[in-house]
Amino acid sequence: MSDEPDEIPKHYAPTESEGRWYEFWERSGFFEASEDPDDRRETYTLAIPPPNVTGSLHMGHACRTTFEDVLCRHKRMQGYNTLWMPGIDHAGIATQVVVERQLKKEGLTRHDLGRKAFVERVWQWKEQSGGRILQQLRKMGASCDWSRTKFTLDPDMVRAVRESFVRLYEEGLIYRDTRLVNWDVESRTVLSDLEVDQEEGVEGELFDFAYPLADGDDGEVVVSTTRPETMLGDTAVAIHPDDERYRHLHGKFVRHPFVDRLIPVILDAELVDPEFGTGVVKVTPAHDPNDFATGKRHGLEEINILNLDGTLNENAGRFQGLDRFTARDAVKDELSGLGLVRGSKKHTMTLPRSQRSGTIVEPLISTQWFVKMRPLAEPAIAAVREGRIQILPEEWEKTYFHWLENIQDWCISRQLWWGHEVPAWYCGACSEVTVSREDPSECKACGSTELRQDEDVLDTWFSSALWPFSTLGWPEDTPALQRFYPTQDMETGYDIIFFWVARMIMMGLHFMGEVPFTRVLLAGLVTDERGEKMSKVKGNVIDPLDVIHGATADELVAKAENAGASKAGIKYLKKTYPEGFVAYGADALRMTLLSYSPQSRRIALSIKRIEGYRNFANKLWNASRYALMKLSDSEAVAAQKCPRPNALANRWILARLFEALDAAATGLEAYRLDDASGALYHFLWDEFCDWYLEVSKTALDSGDAALVKETEATLVHTLETVLRALHPMMPHITEEIWQRVPKWADAPASVMLARYPSALVDAKSDKDAVRDFEVVKALVGSLRAIRAEHEISWSRPIDVYWHTDDAVRRGVIQSERATLEALGGCVLHFEPDSSRLDDAGKHFANAAVFVNPGVRGVVPEVIDPEKERERLTRDLKKIDKELGAVEKKLDNPSFVSRAPAEVVEKSKRDASELRAKREQLEVALSRL
RNA sequence: GCGGGAGUAACUCAGUGGUAGAGUGCCAUCUUGACAAGGUGGAAGUCGGCGGUUCAAACCCGCCCUCCCGCACCA
């Protein structure tokens, strides 16, 4: 047989197989949701978190995609009309930056092209390389309904955005206002609070200087600041009204040393903490949020000293044109020259940085569009509080509530060119604003045609917030919207709970009057195996596609260098993956990502773990290969029907299959895909492969026609069922094998269309079989241990004399004799006279002894007495430890009286079994 | 300052009251006809520390130490 070329290769090769099946599924339309009015199936809908159009598949996407695909494939197999709605996000800043970078290489800026040409250029780029990530999601096996793919700038999305903007405007929930905003001087746009990161622990300087009193008053007031340059925009100094030290300053003025300006001393209990510094605060309303609020309270002038690029403007007098940081030193020098410096000390502070450009964000007065959030937040809070939306893991609810309860208005305008245009037009004649669904031809107030559209675009997240219903056709009342809204699950990373999840809930409730989804699943962030965030600089990025298709070490290094990895990063990469990656396949990657607990905030991905699951895929492959070889000439064997076998092993594996399916179902229902996949993994490997396949060899070779028949039926049924159960997790390999398994006449064309196996339908729990098979496993385990300890070659059969007083166990051993002898490599002899075993030394030369629950046995003439002593001593020690713990418990009267009866009973049983075992081992030891 | 999370085997992590688990790694051994990407056997943990509740604590409570993450404030 070994001479014959194998029809099925020994190693599973994922690369070719995965692409082939994916193409088959997509071409066959298996991913498509139905809008057929006669289709009465319940729906299951999940909208993909649309990746950035600039995006390239990373592990975060891979993780999301896997999780979502499992949910969708599972629901689909359960008979739901399943819609997994795919799409891409236009990603305002991110995309604009990418194209601007390209232009830079040509020596151009976007201003050289002008707005229209630039936007055209971005579209061009989008058409060429934009949708790449959707192809990459396919490599993961994602079963999205691609026929519905949306881009957030598609015409119908534009329509949805305009509709929602206009409605919110008409309802007074969108307004235009001048206030202090976060200004990114590099990207030259405003940012929402969420787009600003606070960099903590920055070592800075607290600089003290003096303002001389004006109007002939002698003296000065000393103020402290971390930003001396902003004094150019100071319009007050503030003291606490109750501060006795400064009572003489009430109503006075100070003189600005550089600019011809008198600055009032104001009293403000809110701004000033008399304990801090000198107790005097300089007030710069145009460049600090607190000062801005103070300015509003006191009606102070707001003097903006900055240009939009971060240089100082004409209000800075002689400092005009200097960069903001250069200006800081210049101002300090100037103050020093005037003898006004009063000291300086180190100061630890927090700096606001732009998430995009990394530059320090400037608070700047600007006119922007805002969404009034409170009225939207209230229903969103209620929806979660009342359980109409469930957030998992639950601890995120607190974070969600905390944010919404303290929410600030959302600044939605951005000074970019790429994005949804603000549908507002300014009239040149009357300066009224016209906000309109359609491009207006005249001012709504005065009828003038002198209209100019607002030049800003909307925050990318504005269109994302509409995603669950805009993708289904809103504002049209389409059949899709009716059928698939609200959706069921929303799965995404916890890092965008505010950016996206909360806003979708608010907008969904507002525009649809219904929650956009009933469950939010928040997953952790994927990091490298050290728990460090994957970063191009660190060289620790694992590209999912490299894992799937393989990559040499050289390729990895070249790629990392190209991406700008540091020297240390390259070194780490070379050290960690000296061999590169073999093609592990999408299924192995998926299983790995699923195996991490969804409750963890960090998914420290390890290549070793991926390798482990690649090995699992291979194990499944080879187990199937064995089964298919054995079943090759039994065409009649159909997998569909659950057999009713008589043989113990067959009954056992079906019972265990039942339990594994039950565990998988429980895991899937609870969104614990780690538990679900783990249950099937262990069933397949530890039970089906390690025990059942081995036992089946004996049965299939037995020549007993009835036994052969029922074993074949059980084998194929178990395999076919476990393939269906695993399909959502490992779609490609299960399809590859399932297609080869003998099937029933009207079987569907793909495993993904087959029914998901349910424990209740497929088998009944056979507890007796499970209990009896444990006897087989324990006995074989003992024999293997003896063999291993005494280095007995497998080619040498051993004689085994055994005895038990337990009728059930005796029955099992006698009826499973063939199996036991095959797996144990032995010849079994029942020893009716148990005293001969107790006193084995007299009757058997060099006997090794084993003791199982209720079964004793000896293996004569095979042993090294020293090793036997070692083995027995070790066993004895283990038993002593266990027995000690149990006995201690039982000696405690409180335990016996207060613990539940079943717990006490179990302990008693354990104790007596352990004592018996202990006695046996001691006898055996003393004999040596 | 407010809030959340984490600390369990060498590593990465499961484990919400009843005798500590997995994957990888390690040691030994086996090319037994599905699979060496494998089989078999084995070693390895004062469950961060201290106290409390309980018959019983990795798990519940309190305090402490270390690390991570949000939010707010920071003259």
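These values consider heavy atoms only, across backbone and side chains, with no hydrogens, waters or symmetry-generated copies. Being a predicted model, the structure only gives us computed values, none of them experimental. Numbered from 1 within each chain, the chains take letters A, B, ... in sequence-line order.
- Atom NE2 of A:H402 is separated from atom P of B:C71 by 10 Å (rounded to the nearest Å).
- Distance check on atom C1': B:G45 versus B:G15 gives 14 Å, rounded to whole Å.
- If you check every strand for non-hydrogen atoms under 4.0 Å, A:E791 touches nothing.
- At the heavy-atom level, A:R796 lies nowhere under 4.0 Å from the strands shown.
- Contact check, A:K619 against B:G39: a side-chain N or O comes under 4.0 Å of OP1 or OP2.
- With the nearest nucleotide of RNA chain B identified for both A:Y494 and A:E882, A:E882 has the one nearer the 5' end.
- What separates NZ of A:K697 from P of B:G33 is a distance of 8 Å, to the nearest Å.
- Using a 4.0 Å heavy-atom criterion, one finds that A:I497 contacts no nucleic acid atom at all.
- The base of B:C35 has none of its N or O atoms less than 3.5 Å from a complementary donor or acceptor on the side chain of A:K10.
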task = In sequence, state the C-alpha distance, the side-chain angles, and the governing distance for A:T711 and A:Y692, and then conclude on side chain to side chain contact (heavy atoms under 4.5 Å, CB included).
result = CA-CA 10 Å; A:T711 302; A:Y692 184 70; 3.7 Å; yes
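- Remark: A:R614 is not positioned above the aromatic ring of A:Y12, lacking an NZ or CZ atom under 6.0 angstrom from the ring centre and at most 45 degrees off the axis.
- A residue-by-residue look at A:F616 and A:L194 shows that A:F616 has its nearest nucleotide of RNA chain B further toward the 5' end.
- Between A:N615 and the phosphate of B:G38, there is a side-chain N or O to OP1/OP2 separation shorter than 4.0 Å.
- Looking at heavy-atom distances under 4.0 Å, A:R787 makes no contact with the nucleic acid at all.
- Stem regions for RNA chain B, each three or more consecutive Watson-Crick or G-U pairs with both distances under 3.5 Å and listed by first number, read B:1-7 with B:65-71, B:10-13 with B:21-24, B:26-30 with B:38-42, B:48-52 with B:60-64.
- Set against B:G25, B:G23, B:C71, the side chain of A:F498 has B:C71 as its closest nucleotide.
- Closest approach to the A:E395 side chain among B:G18, B:G5, B:U12 is made by B:G5 (side chain taken as heavy atoms from C-beta onward).
- Between the side chain of A:D288 and the main chain of A:T284, no donor-acceptor pair closer than 3.5 Å is present.
- Taking atom C1' on both B:C63 and B:C73, the two are 28 Å apart, rounded to the nearest angstrom.
- For A:T350, whose side chain is taken as the heavy atoms from C-beta onward, the closest listed nucleotide among B:A34, B:C73, B:C35 is B:C73.
- Counting heavy atoms of neighbouring residues, nucleotides and ligands inside a 6.0 Å radius, atom CD of A:E395 exceeds 12 of them.
- Of the candidates B:C55, B:A34, B:G41, the closest approach to any side-chain atom of A:E789 belongs to B:G41.
- At a cut-off of 3.5 angstrom, the base of B:A34 holds at least one donor-acceptor pair with the side chain of A:E694.
- Residue A:R227 is classed as having no contact, given no heavy-atom separation below 4.0 Å to the nucleic acid.
- Atom name C1', nucleotides B:U24 and B:C61: the rounded distance is 37 Å, in whole Å.
- The structure places OG1 of A:T698 at 10.0 Å from CD of A:E821, a figure rounded to the nearest 0.5 Å.
- Distances from the side chain of A:D690 to the nucleotides B:U40, B:A34, B:U54 place B:U40 closest.
- Checking B:C13, B:U40, B:G18 against the side-chain heavy atoms of A:A899 singles out B:G18 as nearest.
- Across all strands shown, A:N618 has heavy atoms under 4.0 Å from base atoms, whether or not it also approaches the sugar-phosphate.
- Among the protein residues, A:H11 comes within range of the nucleic acid bases, having at least one heavy atom under 4.0 Å from a base atom.
- Heavy atoms of A:R614 sit under 4.0 angstrom from at least one base atom.
- Contacts of A:V280 with the nucleic acid, taken as non-hydrogen atoms under 4.0 Å apart, include base atoms.
- In this structure, the nucleotide among B:C73, B:U12, B:G38 sitting nearest to the side chain of A:R609 is B:U12.
- B:C2 atom P lies 14 Å from atom NZ of A:K398, rounded to whole Å.
- At a threshold of 4.0 angstrom between heavy atoms, the contacts of A:A604 are confined to the sugar-phosphate backbone, with no base atom among them.
- When each of B:U54, B:G38, B:A34 is scored by its nearest atom to the side-chain atoms of A:R898, the top-ranked nucleotide is B:U54.
- A side-chain donor-acceptor contact under 3.5 Å links A:D587 to the backbone of A:I733.
- The aromatic rings of A:Y613 and A:F616 stand perpendicular to each other, their planes meeting at an angle above 60°, with 30° marking the opposite boundary.
- Checked against B:C35, B:C13, B:G70, the side chain of A:N622 finds its nearest nucleotide in B:C35.
- Shown are A:R784, A:R871, A:R874; of these, the salt bridge (Lys or Arg N to Asp or Glu O under 4.0 Å) with A:E789 is made only by A:R874.
- Here the nucleotide nearest the side chain of A:H682, chosen from B:G18, B:G42, B:A22, is B:A22.
- Residue contacts shown for A:S907 are absent, as no nucleic acid heavy atom lies under 4.0 Å away.
- Atom CG in A:D674 sits roughly 13 Å away from atom C1' in B:G23 (whole-Å rounding).
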